[in-house]
2 protein chains.
Amino acid sequence: MNIGDAARATGLPAKTIRYYEDIGLVTPARDDNGYRRFNDNDLHKLGFIGRARSLGFTIEDCRALLALYQDKDRASADVKRIAQQHLELVDAKITELQAMRTTLGHLIESCAGDHRPDCPILADLAVAPGKEAS
Amino acid sequence: MNIGDAARATGLPAKTIRYYEDIGLVTPARDDNGYRRFNDNDLHKLGFIGRARSLGFTIEDCRALLALYQDKDRASADVKRIAQQHLELVDAKITELQAMRTTLGHLIESCAGDHRPDCPILADLAVAPGKEAS
DNA sequence: CCTTGACCTTCCAGTTGCGGGAATCCCCAT
DNA sequence: ATGGGGATTCCCGCAACTGGAAGGTCAAGG
């Protein structure tokens, strides 16, 4: 199975798969012509990585998770810890974005959005002493 | 006022201020010795940028907002449009992160997190046909 | 006068996770 | 032979900085 087929099978772009090989996440065999040859195990790993990435795990998290996945003597606590740390990061990000969202929402509401130059959004950015929600 | 003072006054790292000059967001004067000299207007701009950045606006958004801020004939609608587009991006990001959060939360809940190797998190990443929440 | 230390300068490299594109090679069909 | 659709490597670019090296400047203290 060549890289194009692997890409179609996993839903990952071929470029991404090459990158994953570069950084040592997968190690497909090579045909005599130099083409990468992907077996079921490679595909499985790529799928694993793709799903972990879609949950927002970093590449290094993926590397650790894959190692644990392949370690039959792992402790599930090790996996859980990685996931929990990641969850905390996600939560922090959500909180930060929601704060932005709130402020942005207030500013947008307060702006007429017409042809006149008066704009509370700019006024707030110009000074912003913390009184955006009156 | 040298860059260190400007950094303390605005809360931005000196490196960041130099970067903003590099990309043309601010253009402080120079002393004879080559040191940057920041006046009130420069500080004002830096504060403006800092606040816009803290609301998640991109550098290019900041550039546009700054230009509108300095254009006395602007229409507030132009500002509002930028803010609204940004708000939509923020909302999309929040939605995406919340989806991750939900899945992660289910996975973590279902994992014992002890010394044994059985781990639903890894099992899900290994196959994940869309049945993470039973 | 010299040194020390805190500034400041420029430039270069690295971060994250790829994507774009060039130049070249390979394979199969006509 | 030639065309088209693969595949390969390599290098640059993105966003928005951050870190570090190598060196210039300045004021204070001995």
Side-chain angles (χ1 to χ4, degrees), chain A residues 1-38 42 45-46 48-66 85-86 89-90 92-93 96-97 100, chain B residues 1-39 42 45-46 48-66 82 85-86 89-90 92-93 96-97 100:
Chain A
M1 196 175 214
N2 287 344
I3 198 168
D5 303 314
R8 272 178 291 277
T10 60
L12 297 170
K15 277 253 169 188
T16 299
I17 298 177
R18 287 197 194 95
Y19 172 68
Y20 289 166
E21 187 192 15
D22 264 10
I23 61 173
L25 283 186
V26 284
T27 49
R30 296 288 182 137
D31 281 338
D32 290 345
N33 56 15
Y35 286 19
R36 290 168 183 82
R37 186 164 32 84
F38 294 84
D42 295 324
K45 272 195 194 179
L46 287 173
F48 185 103
I49 298 166
R51 281 180 289 274
R53 292 285 301 130
S54 79
L55 287 178
F57 285 104
T58 66
I59 291 284
E60 288 316 308
D61 280 343
C62 290
R63 196 189 300 278
L65 289 171
L66 258 184
Q85 283 174 4
H86 177 47
L89 283 182
V90 170
K93 199 117 200 162
E96 189 190 346
L97 286 172
M100 287 180 191
Chain B
M1 197 175 212
N2 287 344
I3 198 170
D5 303 315
R8 272 179 290 276
T10 61
L12 296 170
K15 277 250 167 193
T16 299
I17 297 177
R18 287 197 196 95
Y19 172 67
Y20 288 165
E21 187 192 15
D22 264 9
I23 62 174
L25 282 187
V26 284
T27 49
R30 295 288 181 137
D31 283 336
D32 290 345
N33 57 16
Y35 286 19
R36 289 167 183 83
R37 187 163 31 84
F38 294 84
N39 60 25
D42 295 325
K45 271 197 194 177
L46 286 173
F48 185 103
I49 299 166
R51 281 180 289 273
R53 292 286 301 128
S54 79
L55 287 178
F57 285 104
T58 66
I59 290 287
E60 289 317 307
D61 281 343
C62 290
R63 197 189 299 280
L65 289 171
L66 216 39
I82 293 175
Q85 283 174 4
H86 177 47
L89 283 182
V90 170
K93 199 115 199 161
E96 190 191 345
L97 285 172
M100 287 181 190

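Every chain is numbered from 1 and lettered A, B, ... according to where its sequence line falls, protein lines coming before strand lines.
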### Task
Using the closest heavy atom to pick a nucleotide of DNA chain D for each, name whichever of B/Glu60 or A/Glu21 lands nearer the 5' end.
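That would be A/Glu21.
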
### Earlier contact from the 5' end, DNA chain D, for B/Tyr35 and B/Gly56
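Comparing both residues, the 5'-ward one is B/Gly56.
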
For [Y], does its backbone N or O pair with a side-chain atom of [X] as donor and acceptor, under 3.5 Å?
{"X": "A/Asn2", "Y": "A/Gly4", "result": "no"}
{"X": "B/Thr16", "Y": "B/Leu12", "result": "no"}
{"X": "A/His86", "Y": "A/Thr58", "result": "no"}

### Query
If each of B/Arg36 and A/Tyr20 is mapped to the nucleotide of DNA chain C with the nearest heavy atom, which maps nearer the 5' terminus, i.e. the 5' end?
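Comparing both residues, the 5'-ward one is B/Arg36.
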
Shortest side-chain distance from [X], nucleotide among [options]:
{"X": "A/Arg30", "options": "D/dA7, D/dT8, D/dA16", "answer": "D/dT8"}
{"X": "B/Thr16", "options": "D/dC17, C/dG19, D/dA7", "answer": "D/dC17"}
{"X": "B/Arg53", "options": "C/dC26, D/dA16, C/dG19", "answer": "D/dA16"}
{"X": "B/Ile3", "options": "D/dT18, C/dC8, D/dT9", "answer": "C/dC8"}
{"X": "A/Ile59", "options": "C/dT9, C/dG17, D/dT18", "answer": "C/dG17"}
{"X": "A/Asn33", "options": "C/dC26, C/dG19, C/dC8", "answer": "C/dC26"}
{"X": "B/Thr58", "options": "D/dT8, C/dT10, D/dA16", "answer": "D/dA16"}

### Message
With a 3.5 Å cut-off and heavy atoms only, can you find an N or O donor on one side and an acceptor on the other between the side chain of A/Lys15 and the base of C/dG17?
### Response
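No.
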
### Task
Return yes if the base of C/dG19 and the side-chain atoms of A/Tyr19 contain a donor-acceptor N/O pair under 3.5 Å, otherwise no.
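By the distance-only test, no, there is no pair.
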
[N] [atom2] sits how many Å from [X] [atom1], rounded?
{"X": "A/Arg18", "N": "D/dT9", "atom1": "CZ", "atom2": "P", "result": "7 Å"}
{"X": "B/Phe38", "N": "C/dC7", "atom1": "CZ", "atom2": "P", "result": "16 Å"}
{"X": "B/Ile17", "N": "D/dA16", "atom1": "CD1", "atom2": "P", "result": "17 Å"}
{"X": "B/Asp22", "N": "D/dT18", "atom1": "CG", "atom2": "P", "result": "14 Å"}
{"X": "B/Leu12", "N": "D/dA16", "atom1": "CG", "atom2": "P", "result": "14 Å"}
{"X": "A/Asp32", "N": "D/dA7", "atom1": "CG", "atom2": "P", "result": "17 Å"}
{"X": "B/Arg63", "N": "D/dA15", "atom1": "CZ", "atom2": "P", "result": "11 Å"}
{"X": "A/Met1", "N": "D/dG6", "atom1": "CE", "atom2": "P", "result": "14 Å"}

### Straight-line distance of A/Arg36 CZ to A/Met1 CE, nearest 0.5 Å
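Rounded to the nearest 0.5 Å, the CZ-CE separation comes to 15.0 Å.
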
### Task
Give, for atom CZ of A/Arg53 and atom CG of A/Leu46, the distance between the pair rounded to the nearest 0.5 Å.
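Answer for the CZ-CG pair, A/Arg53 versus A/Leu46, is 13.5 Å.
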
### Task
Could you tell me whether the side chain of B/Asp5 reaches within less than 4.5 Å of the side chain of B/Phe38, counting heavy atoms only?
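Not touching, per the 4.5 Å side-chain cut-off.
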
### Task
Look at all strands and tell whether B/Ile23 reaches a base, only sugar-phosphate, or nothing, counting heavy atoms closer than 4.0 Å.
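The answer is nothing, as B/Ile23 stays clear of every strand by at least 4.0 Å.
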
### Task
Pick base, sugar-phosphate or nothing for B/Arg37, based on heavy-atom distances below 4.0 Å to the nucleic acid.
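It contacts nothing in the nucleic acid.
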
